[in-house]
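See below for the structure under consideration.
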Amino acid sequence: MSDKLIRATSADNTVSIVFCNMLDTCKEAISLHGLKGIAAETLCRGLVGVALLSSTLKNKEDIVSLIIKGKGPAQGITATATQKGTVKGFLKNPEATGDTVGELLGKGLLTVTKDLGMKEPYTGQLPLVTGEIAEDITAYFAESEQIPSSCGIGVRFDDNGNLIAAAGFLIQLLPEVPYYVIDELEIDLARHPSPAELVLKYGNDYEKILISLLPSLHVQILKEQDIRWKCDCSKDKIEKALITIGKDELEQFITDGENAEIVCDFCNKKYNFTPQEIQELKDRI
Ligand SMILES: [Zn+2]
């Protein structure tokens, strides 16, 4: 695994820059979910997006989820990342086809949920701007967290449909940023740098990537973190989820007397429950 999340700063510490390279994580997700074409691109963008969001988490147990519910054929996407660098996600309808990610997701809502170990998770929600995900994350930070930001996500396939690049950046301005730095940043970003092109050109040389991304800012790398695909599902966690769906719904699992098969949405792992096990879960409600 060579996927990385890079944290960097401008020379004067007034601009925070996060860059992530997610090729292996996204390849694993595409293979696990059997995705092709634009459906594969949609999930990859969601995974890169949630990894970028995870850079704002502070504590080891913190978790962030990027949930899009859309009226397009994909119906939505759920992606989750931890502060420790694990990422997982799925497309509601993996069979969906279309021309663009925005078309696949359609009109809808973006929800960002951060579980920070408090009683209630922090939640921000807004209508999709374009459904292309990067622009929606930029809008989320502006509207829900009042942080001026710029998010870019790039996913590339070769002519045979194999994923060759999945990367993204999140640039955020700190309150004390001087105007001349904003001007320089705007000039740099007006070139519409593509994160996918940058990793295709410079590989994992993140210094060169960041210099090319923001040539005016004299960017300094602060930290590199590994990122990888990981689903933490278990029979125990599925049981806890089943208990929350209620007695009547659980009853439906045991009416035919056969084993119930529950599939994890994130990784497609199958869990079998005997009628007796379902009955025991019902008794615990
Ligand atoms: Zn799973």
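Whatever order the structure lists them in is the order used to number ligands and atoms, beginning at 1. In this chain, residues are counted from 1 in sequence order.
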What residues form a salt bridge (Lys or Arg N to Asp or Glu O under 4.0 Å) with Asp159, not counting sequence neighbours?
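Once residues adjacent in sequence are excluded, Asp159 has no partner under the salt bridge (Lys or Arg N to Asp or Glu O under 4.0 Å) criterion.
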Are Lys114 and Thr56 linked by a side-chain donor-acceptor pair shorter than 3.5 Å?
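Yes, because at least one side-chain N or O of Lys114 sits under 3.5 Å from a partner of the opposite role on Thr56.
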Whether Lys36 engages the ring of Phe157 as a cation-pi pair (distance to the six-membered ring centre under 6.0 angstrom, angle to the ring normal within 45°) should be assessed.
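Judged by the rule (NZ or CZ under 6.0 Å from the ring centre, within 45° of its axis), Lys36 is not positioned above Phe157.
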Examine Lys88 relative to Phe266 and say whether NZ or CZ is less than 6.0 Å from the centre of the six-membered ring and inside a 45° cone about the ring axis.
yes
Nonpolar side-chain network containing Leu200, other nodes, edges under 4.5 Å
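Result for Leu200 is Ile164.
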Side-chain cluster (under 4.5 Å, hydrophobic types only) that Leu222 belongs to, other residues:
none
Listing protein N, O or S under 2.8 Å around the Zn ion (ligand 1) gives Cys231 SG, Cys233 SG, Cys264 SG, Cys267 SG
